[in-house]
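Worksheet for the structure shown next.
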Number of protein chains: 2
Amino acid sequence: MSENKGLLDIRKMRILQAIVDDYIMTAAPVGSRTVSKRSDMGLSPATIRNEMSDLTELGFLEQPHTSAGRIPSEKAYRLYVNHLMDSAKLTDDEADYIKKHLDTRVHEVSEVIRQTARVISDMTNYTSMVMVPQFSALKVKRVTLIPVSEGSAMAVVVTNTGVTKNAMIRIPEALSPEDIEKLSKLITQKLDGHKLNEAVESVLPQIRAEIGEQADAVCEMIEDIERSMSETNVEVVGASNILDYPEYSDAAKARQFLTEVETGSYLQKVLAESSDVEMSVRIGTENDNPEMQDCSVVTVTYKAGGKNIGTMGVVGPTRMDYGKVMAVLKYMSSSLSEILSKLLK
Amino acid sequence: MSENKGLLDIRKMRILQAIVDDYIMTAAPVGSRTVSKRSDMGLSPATIRNEMSDLTELGFLEQPHTSAGRIPSEKAYRLYVNHLMDSAKLTDDEADYIKKHLDTRVHEVSEVIRQTARVISDMTNYTSMVMVPQFSALKVKRVTLIPVSEGSAMAVVVTNTGVTKNAMIRIPEALSPEDIEKLSKLITQKLDGHKLNEAVESVLPQIRAEIGEQADAVCEMIEDIERSMSETNVEVVGASNILDYPEYSDAAKARQFLTEVETGSYLQKVLAESSDVEMSVRIGTENDNPEMQDCSVVTVTYKAGGKNIGTMGVVGPTRMDYGKVMAVLKYMSSSLSEILSKLLK
DNA sequence: GTTAGCACTCGAAAGGGATGAGTGCTAACA
DNA sequence: TGTTAGCACTCATCCCTTTCGAGTGCTAAC
């Protein structure tokens with residue numbers, strides 16, 4: 001038996017690939033006849049049957065019941081994604097579609113993010129999610145405080161890449177507008193060129209050392225700003241697409257999926273965890289959220305100015321068109337990176 | 001026949017009420033026996049049958065087929081909402097629930113809105129939507145421009161109520177930070193005390209008259225600000241609740257509803273249109289969006305400082321628990337109004 | 001005007017083949 | 001030794017029929 005990837009001989013791999021491909025398209029158990037016809041290997045159904053029997057024993061296939069075909073196990077999807085998938089390229093039509101629907105003239109980050117999510121969801125027909133650029137990882141250029149009412153102000157942070165974000169923070173009461181302006185300048189000066197998340201550790205002690213009396217108030221404000229800014233925000237689009245797939249024809253299951261997606265906490269967590277790998281795939285029970293264990297989540301990162309600044313991805317049934325999803329995500333990652341790189345400088 | 005509301009005698013009204021009440025709870029056609037038992041009118045099923053037959057002829061009831069019970073028509077719901085509904089009050093438990101889940105310490109408007117939407121959706125088990133306070137109807141107190149990059153700046157508008165909002169706008173290129181600061185002050189001075197939406201009409205001509213050369217640029221910026229600010233934003237929560245109702249057990253129908261809700265444009269339109277009536281109810285085909293014609297939408301307005309500043313509501317199946325929804329919305333309207341009134345000054 | 005009685009309707013649920021896709025095994029073939 | 005044809009067997013699905021019962025409408029009596 002000629003080994004390959006230390007797992008299966010080539011013929012078994014090809015058969016498994018054919019089965020997964022077919023199952024992804026039809027959602028129906030695949031029989032030996034179908035495989036024999038579709039995979040142009042010139043093998044009879046009987047031979048395929050023997051191989052399928054082996055694959056079942058090895059844990060790559062499952063049988064809903066004796067007289068049905070086989071469906072891929074999670075292990076099969078894993079193998080499929082790692083080794084045997086046609087890593088599809090987008091057709092010209094698809095690339096055109098994206099170009100047409102990504103309006104590069106838009107100049108607001110949140111708008112670009114929304115569009116991106118929309119396009120991913122439309123192209124894949126799954127649920128897409130795009131994290132807005134990670135803020136506290138960017139270098140601060142300017143911080144402006146705008147008095148709003150006694151005790152509160154709006155802090156607007158501008159980074160060197162031009163991304164801005166704002167949040168309400170508490171400020172000491174009884175500050176005159178001039179004091180506030182001074183504070184703005186002071187904080188800007190202290191944070192300039194630092195990343196927000198690092199600043200809290202590196203700059204705060206400095207400030208405490210340098211400035212005497214007001215230090216505490218200033219430090220608290222900076223911490224407050226950092227806290228508000230590091231809230232990750234995720235745009236989720238196309239949740240209802242899940243209803244197109246027969247595995248979610250059961251209302252209770254669909255409901256569970258949609259509720260989980262609406263709260264978004266798990267998706268947010270996945271995006272955050274995947275922020276340092278170019279592409280990640282979580283299949284079924286590889287998700288540690290029990291509500292999502294018959295879903296798969298694929299993520300990619302995107303960059304601006306050469307640095308990863310965010311993650312985006314797709315959630316759908318485990319029977320997902322991984323090839324297409326990964327192709328779309330790759331394409332969108334570079335599109336978005338390009339747009340943001342231009343936009344943010 | 002003793003007339004009432006110029007439409008139906010009292011007995012018919014009570015019977016209709018019993019039918020609607022029952023149908024709202026069970027979603028199953030209501031038979032004469034049930035009505036006879038549940039409405040304590042001491043009438044036999046046969047009598048009820050005669051009345052129901054009349055009500056059918058009058059267009060208040062419909063018969064799915066001969067041997068089923070009756071279900072209320074839209075006309076019946078309309079009558080029910082207008083005249084015969086028990087305008088339920090919340091139980092103490094419910095009021096407690098709301099108090100517990102509305103964290104009054106939160107000091108960010110968008111957070112309050114999100115909570116409100118969450119609570120409405122949880123209490124009614126329908127889909128809730130809450131419009132963030134209408135911005136351009138508030139009086140401007142200060143406008144700050146923060147340079148972001150060549151040609152663009154972030155405009156932050158603070159109103160006299162303390163609500164703030166910000167948006168990226170285009171600015172003339174080649175402005176120094178000092179110029180921008182001057183512009184901030186100029187615009188603040190011009191807009192101070194005016195409502196944004198009125199300012200465009202009343203203040204712009206003034207500016208054009210007073211300032212010579214730079215007028216065009218300034219006016220454009222103000223218009224740009226107004227445009228960005230008047231975008232209404234709606235928080236929608238609990239869309240997946242719809243899957244709990246048997247009328248949406250059909251995946252295609254559910255999908256249609258969810259897609260419509262996700263885009264949100266119709267809901268946004270309804271909220272906007274209803275911003276001047278304390279409470280509005282749109283039943284079924286009273287919605288002009290064909291996709292929503294078997295839904296009902298109930299809205300209420302909320303205030304701050306005595307003025308309407310926003311609308312919120314609930315979407316659900318026409319067979320909706322109008323009594324409860326309206327009670328919850330009323331309660332939430334006054335809660336939110338109170339919180340915002342405090343929060344915004 | 002109200003009610004009991006009764007025949008009638010018709011959807012929903014339950015039962016019961018027939019169908020056919022698919023399997024596993026065996027025996028023959030190259 | 002690997003491949004294949006043949007065949008008996010399995011079992012979900014489809015479709016048809018029957019049964020069941022909730023509910024109606026009508027009539028006649030109270």
Side-chain angles (χ1 to χ4, degrees), chain A residues 1-3 8-16 18-20 22-23 25-73 246-247 249-250, chain B residues 1-3 8-16 18-20 22-23 25-73 246-247 249-250:
Chain A
M1 192 196 281
S2 93
E3 293 284 321
L8 294 174
D9 65 51
I10 290 180
R11 198 169 73 175
K12 281 198 175 56
M13 302 260 286
R14 286 198 56 191
I15 290 175
L16 189 55
I19 295 175
V20 176
D22 193 83
Y23 187 70
M25 278 182 41
T26 65
V30 186
S32 50
R33 245 183 95 75
T34 319
V35 178
S36 164
K37 266 191 280 181
R38 288 193 74 253
S39 76
D40 43 352
M41 304 172 66
L43 291 174
S44 78
T47 311
I48 304 283
R49 270 208 291 286
N50 288 327
E51 295 289 38
M52 284 170 78
S53 182
D54 290 352
L55 284 168
T56 307
E57 245 173 56
L58 292 167
F60 290 100
L61 294 178
E62 284 162 10
Q63 230 170 343
H65 55 86
T66 331
S67 73
R70 307 294 214 283
I71 62 174
S73 69
E247 35 269 82
S249 60
D250 176 41
Chain B
M1 194 198 280
S2 92
E3 292 285 322
L8 295 173
D9 64 50
I10 290 180
R11 199 169 71 175
K12 281 199 175 52
M13 302 261 287
R14 288 199 51 193
I15 290 174
L16 188 55
I19 294 174
V20 176
D22 193 83
Y23 187 70
M25 278 182 41
T26 65
V30 187
S32 51
R33 243 182 97 75
T34 319
V35 178
S36 164
K37 268 191 281 180
R38 287 193 75 256
S39 75
D40 45 352
M41 303 172 69
L43 291 173
S44 78
T47 311
I48 303 285
R49 272 209 290 285
N50 289 327
E51 294 289 39
M52 283 170 78
S53 182
D54 289 354
L55 283 168
T56 306
E57 243 174 57
L58 291 167
F60 290 99
L61 294 179
E62 284 161 9
Q63 233 171 339
H65 54 87
T66 332
S67 73
R70 308 291 215 282
I71 63 175
S73 68
E247 34 272 81
S249 58
D250 176 40

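What's counted below: heavy atoms across the whole structure, side chains too, no hydrogens, waters or symmetry copies. Numbered from 1 within each chain, the chains take letters A, B, ... in sequence-line order.
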Roughly, in whole Å, what's the span from CD1 in A:I48 to P in D:dT3? 10 Å
Flag the pair A:I15 / A:I48 as yes when at least one side-chain heavy-atom distance between them is below 4.5 Å, and no otherwise. yes
My understanding is that a pair needs two contacts under 3.5 Å, Watson-Crick or G-U wobble. By that rule, which nucleotide pairs with C:dA13? D:dT18
B/S/- contact track for nucleotides 23-30 of chain D, protein heavy atom under 4.0 Å: SBBB----
Tell me: CE of B:M41 to P of C:dT2, nearest whole Å? 10 Å
For A:F60, run the side-chain contact (heavy atoms from CB on, under 4.5 Å) check against A:D54, A:I19, A:L16, A:V20 and tell me which one passes. A:L16
B:S73 side chain to B:G59 main-chain N or O, any donor-acceptor pair under 3.5 Å? yes
So what's D:dA29 paired with, Watson-Crick or G-U wobble, going by both distances under 3.5 Å? C:dT2
To the nearest angstrom, the CD1-C1' distance between A:I19 and C:dG22 comes to 13 Å
Could you give the CG-to-P distance, from B:D9 to C:dG1, as a whole number of Å? 11 Å
Rounded to the Å, how far apart are B:L43 CG and C:dA4 P? 11 Å
Just wondering, do B:R14 and B:D40 contact through their side chains at under 4.5 Å, heavy atoms? yes
Euclidean distance, B:S53 OG relative to B:Q63 CD, rounded to 0.5 Å: 8.0 Å
Does any non-hydrogen side-chain atom of B:T56 lie less than 4.5 Å from one of B:R70? yes
